Every structure is written in C-alpha cells, then in structure tokens.
Amino acid sequence: MPIVTIKAVRGVHDILPADTARWQRLEAVSRQVFEAYGYKEIRPPIFERTELFARGIGEVTDIVQKEMYTFEDRSGESLTLRPEATASVLRAYVEHGLHVLAKPVRLYTVGPMFRYERPQAGRYRQFHQLNLEAIGENHPALDAEVIGVLMELFRRLGLADRLTLSLNSIGDPACRPAYREKLVAYLRQNAGRLCGECRERTERNPLRALDCKKPDCQEVLDTAPSILDALCKECGEHFARVRQYLEALSLPYVVTPRLVRGFDYYVRTTFELLTGELGAQNAVAGGGRYDGLVQLLDGPPDPGIGFAVGMERVVLLLPPDAQDAVPLALLIPLGDKALVRLLPVAQAMRHSGVTVEVGYGVRKLRNELDRANRLKVPYVVILGESELEKGEALIREMGSGTQRPVPLDRLEAELIALGGVGRGAEPPSEVR
RNA sequence: GUGAGCGUAGCUCAAUUGGUCAGAGCACUGGACUGUGGCUCCAGGGGUUGAGGGUUCAAUUCCCUUCGCUCACCCCA
C-alpha cells in the first residue's frame with residue numbers, strides 16, 4: 001500500500017457488497033409499499049440554489065445555520081447539497097405545475113442527503129432517506145394515511161414491534177404564538193433551574209427547549225404548559241380526528257406533547273418513529289404537516305404532509321442477510337480448447353438469467369474444485385481432454401460428490417433445468 | 001463546535017517496566033496430492049506500527065501536533 005492513500009471523506013461511507021442486498025431489499029420493499037398507496041416516484045437533483053433551503057427549512061434552524069454543504073459554482077452562484085428532500089420536491093411541484101393534478105398529489109423520492117455534522121453512530125454527513133409527501137389536501141385522514149404508509153413499511157420489514165410512534169400537534173399560526181408566550185413566561189419564571197442553553201432557547205426558540213435531555217430541565221418541563229392544551233379549536237379538532245383515524249387503522253401511537261422538530265415549517269401533526277437500539281440517534285423516521293410551505297416557495301396555498309426515513313438507521317436494524325446469492329455453477333475447463341467450448345455455454349446460461357462462473361483453464365482441477373467449494377456453488381461442470389474426445393462434460397454435484405456425464409450439446413439445457421428449481425431469478429422477496 | 005476513548009498486514013488482534021517487536025490467526029496465491037473439493041501440513045505475497053515532530057544509546061511503547069475512527073453533548077434521519 002502506498003504511503004499516502006486516498007481515503008473516503010470524513011462522515012461518508014462506502015456501502016460494501018456484503019451490505020448491498022439489505023439496501024436493495026429496503027428500497028424494493030419501500031417502493032412496493034409506497035406504490036400500493038398510490039405514491040409516484042419523483043427524482044429531484046441533489047443540489048439546489050441555497051436560497052431554496054434557507055427559505056424552506058428556516059433561516060434560524062441549525063441545519064441552515066451550520067450544517068449545509070454550500071459552495072459557489074463557476075458562475076458564482078451559491079448552491080447547496082440538499083440537507084433534506086421536501087424543499088426540492090415542493091420546488092419541483094411548483095415549477096412543473098404538478099398542483100393541477102388530482103389532489104392530493106402523492107410523491108416519494110429516495111436518495112442521499114448531506115449535512116455537515118460530527119459523525120456518530122447512525123449519523124453521517126452523507127446519508128440516505130426515503131421521503132414521502134402528500135400535497136394539496138388538509139383532511140386529517142391524509143395525516144393518518146401518511147403515518148399508515150410509514151407503519152406499513154416497517155411492518156413489512158419486520159421491524160414494527162421494535163419501534164414506537166410518537167405523535168404530537170404543534171398547532172398553527174393561529175394558536176402557537178399564544179402558547180409560545182405562555183411557555184416563555186413559564187420558562188422565565190423557572191430560569192434558575194434551567195441549563196444555560198435552555199435559557200438561551202427561551203428567548204430564541206422556546207419550543208426547542210421542550211426536548212432538552214438534561215434531567216434538571218426535564219423536571220422543570222414536566223410541569224410546563226402543554227401545547228395540546230393550547231391548541232385552537234381547529235387544530236384541536238384536527239388532532240382528535242387524526243387520532244381517531246389512527247385508532248380505526250389499529251395503529252398504536254404515544255401522544256408526546258413535548259415532541260418538537262427541527263424544521264420551521266411544521267404545523268399541526270408531527271411524528272417520529274423511535275428505537276431504543278441505536279444509541280443517541282433514536283429517530284428512525286420523522287415527519288409532519290407543512291401547510292403553508294408550498295406557498296412560501298412561491299406556489300399555490302396547498303397544504304401538505306410527509307415524512308423522511310433514515311435508511312442507514314433502518315439498515316442497522318435489519319438482520320444481516322442469511323445468505324449471499326451464489327452462482328449456480330462453476331464451469332471448469334481444463335485447457336484452452338475446453339475453455340473455448342465452455343464460453344458460449346456460459347453466455348447462453350446468462351442469457352437465460354442464470355448466474356454461472358467460468359474458470360480460465362489454467363489451474364489444476366483440484367484448485368478449481370477448492371474454489372468452487374469456497375464459492376459455495378452447488379454444481380460444477382468439468383470439461384477436460386477425455387470428455388472433449390467423447391463429446392461430453394461432467395456435471396458434479398458438490399454436496400454429494402456425485403457426477404454424471406452429459407452430452408455437450410445437452411449441457412446448457414441440463415444446467416438450466418437444474419437452475420430452474422428455486423434458483424436464477426428470484427421472485428420479489430416478501431420480507432416478513 | 002465541545003468532551004472522552006482509540007489508531008499495528010485486507011480482517012480480528014499480540015508484542016514483559018521504552019531493549020531481536022514487527023508477529024499470530026483468518027483471508028488470498030501456490031505446493032505436498034500428473035484431472036477430482038470441504039481435513040491436515042508447508043511456503044509465499046502483503047506493514048516505513050495513521051501522519052509529522054520531539055525525548056532517548058534505543059520508541060509500536062513516553063511527550064507534542066495533526067488526521068482519522070468510535071462514543072457522548074449538540075442536532076436530527
């Protein structure tokens with residue numbers, strides 16, 4: 001190895017072959033679930049004008065203030081690698097007039113996000129999200145639907161019983177300011193028992209003080225006024241109906257009045273899917289309603305709701321794949337003549353969608369068999385001088401060690417017959 | 001951005017109070033075994049011990065700096 005090696009940038013990581021099967025499974029199941037609910041994929045670019053995120057996420061949020069990958073392109077324009085997907089999706093929604101479609105417009109997207117944070121367990125600078133958005137409808141049944149999609153995804157992944165759904169309503173511009181005042185008053189009253197940061201938050205962003213983890217602050221916050229008692233009539237009713245629909249769908253949840261989220265744009269319903277298995281990074285997914293955001297991005301006054309799933313965190317929870325896909329057979333030619341005869345056989349099998357590997361005819365049979373053993377292939381085809389003379393090849397079953405001659409012109413058909421039994425193209429995996 | 005712990009072969013890890021300490025296992029390639037594997041034995045490739053500097057007769061070991069990893073704060077997916 002050279003003295004100076006180029007390594008991956010801090011906080012980003014390679015997804016290696018040993019893990020890609022899990023990733024592919026997660027993506028496949030997600031698409032199945034989302035599309036079953038009528039959501040269509042959209043693929044926005046991974047960078048946008050910086051202004052889009054500044055406006056959409058909120059100028060005073062941590063993400064915008066200190067976590068964005070922002071750079072100037074050669075024309076001097078300020079661009080930013082997306083730290084989240086919703087702003088991009090809504091920008092595309094407005095830009096291409098998708099609001100004329102039958103509402104709600106149901107969209108999802110899958111891909112990398114970028115945030116400049118200190119890497120940690122389950123937290124990366126480039127990470128991947130599944131994002132789902134339902135735009136143009138404010139009926140509480142849509143809130144329940146979106147949460148239902150999320151829960152169905154995790155049910156299909158077999159993870160539902162290891163996660164809990166936290167649910168809250170954070171009101172809207174009609175009622176939140178009043179609550180904010182009450183909370184600030186309470187926090188000021190008890191400022192002496194709060195940590196320094198929470199005292200700062202009291203003035204700058206009081207809602208964020210609610211999820212401070214320090215025990216002393218928790219104690220103070222336990223008796224703080226609850227947002228749920230301060231909701232206006234409309235918000236209270238909306239929340240009650242969301243709960244009613246979730247119950248109708250038998251979806252368990254825990255009302256968490258102190259659940260606040262990092263983006264400014266959320267109103268009313270907010271939710272998180274939490275796990276106890278990932279250390280400090282306990283949120284596997286999060287989302288909420290964002291009525292008003294489309295308008296903020298120069299679009300029509302369409303309401304919306306959506307969620308994001310952290311794929312790395314899900315993958316960490318998924319059990320490792322039981323078994324790698326292995327080729328059906330290793331074709332072992334002994335010598336170049338045999339190689340020439342086997343190459344088209346391999347090609348034909350691959351045309352049929354059956355995976356095989358071919359040796360190069362230069363190694364000893366012993367070593368090739370040893371290799372076949374380690375590849376865990378169930379069958380091996382041996383073609384040497386004597387077989388060539390007789391116009392046949394040997395098919396050896398590695399498990400039993402038995403082998404039988406097969407006429408060369410029947411070889412391909414025989415192998416495909418062997419591969420037809422539960423091998424080759426796997427049906428879409430139904431993950432329990 | 002703050003704090004703590006840790007960086008030795010592709011992987012997992014050794015190396016007495018600084019003194020043959022640069023090693024083992026796994027993996028890889030080959031040989032023992034002229035065309036029949038899973039066992040065993042043997043051999044080989046691969047490291048300026050993360051990088052740079054300092055202390056010392058001598059540094060993997062001690063000190064400083066730096067980079068990276070891990071965990072926590074913070075934030076969130």
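Predicted, not measured: the structure shown is a model, and the values here were computed from it.
Both tests do not hold together for A:R82 against A:F114: distance to the six-membered ring centre under 6.0 Å, angle to the ring axis within 45°.
A:L142 is listed as a side-chain neighbour of A:I305, based on a closest heavy-atom distance under 4.5 Å.
A:H13 and A:Y124 have parallel rings, their planes meeting at less than 30° on a 0 to 90° scale where 60° marks the start of perpendicular.
The side chain of A:N367 places an N or O atom within less than 4.0 Å of a non-bridging phosphate oxygen (OP1 or OP2) of B:G31. At the phosphate of B:C26, neither OP1 nor OP2 sits under 4.0 Å from any side-chain N or O atom of A:R374. In this model, the phosphate group of B:G37 is not approached by any side-chain N or O of A:R363 to a distance below 4.0 Å at OP1 or OP2. The shortest distance between the side-chain N/O atoms of A:R366 and the OP1/OP2 oxygens of B:C33 is not below 4.0 Å. Taking only side-chain nitrogens and oxygens, A:K364 comes nearer than 4.0 Å to OP1 or OP2 of B:A32.
Heavy atoms of A:N131 sit nowhere under 4.0 angstrom from any nucleic acid atom. Counting non-hydrogen atoms under 4.0 angstrom, A:R396 reaches a base of the nucleic acid. Counting non-hydrogen atoms under 4.0 angstrom, A:M113 reaches nothing in the nucleic acid. Here A:L273 lies out of heavy-atom contact (under 4.0 Å) with every strand. The residue A:G286 sits close only to the backbone: its heavy atoms come under 4.0 Å of sugar-phosphate atoms, none of a base. Base contact: A:L394 has a heavy atom under 4.0 Å from a base atom. Within the nucleic acid shown, A:E387 comes within 4.0 Å of at least one base atom, counting heavy atoms only. Within the 4.0 angstrom heavy-atom criterion, no nucleotide atom of any strand lies near A:E312. In this structure, A:E368 reaches neither bases nor backbone, as no heavy-atom distance under 4.0 Å exists between it and the strands shown.
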Can you give the dot-bracket line for RNA chain B, where a pair is Watson-Crick or G-U wobble with both atom distances under 3.5 Å, crossing pairs use [ ], and | marks a partner on another strand? (((((((..((((.....[...)))).(((((.......))))).....(((((..]....))))))))))))....
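For B:G1, its base never sits under 3.5 Å from the side chain of A:Q65 at any donor and acceptor pair. The base of B:A77 has none of its N or O atoms less than 3.5 Å from a complementary donor or acceptor on the side chain of A:R123. The base of B:G37 has none of its N or O atoms less than 3.5 Å from a complementary donor or acceptor on the side chain of A:D370.
Across B:G25 and B:C69, the matching P atoms stand 31 Å from one another, rounded to whole Å.
Aromatic ring centres of A:Y69 and A:Y116: separated by under 6.0 Å.
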Short N/O separations, protein against nucleotides 65-70 of chain B, under 3.5 angstrom:
unit_1 : atom_1 : unit_2 : atom_2 : d
B:C69  : OP1    : A:G11  : N      : 3.4
B:C69  : OP2    : A:R10  : NE     : 2.8

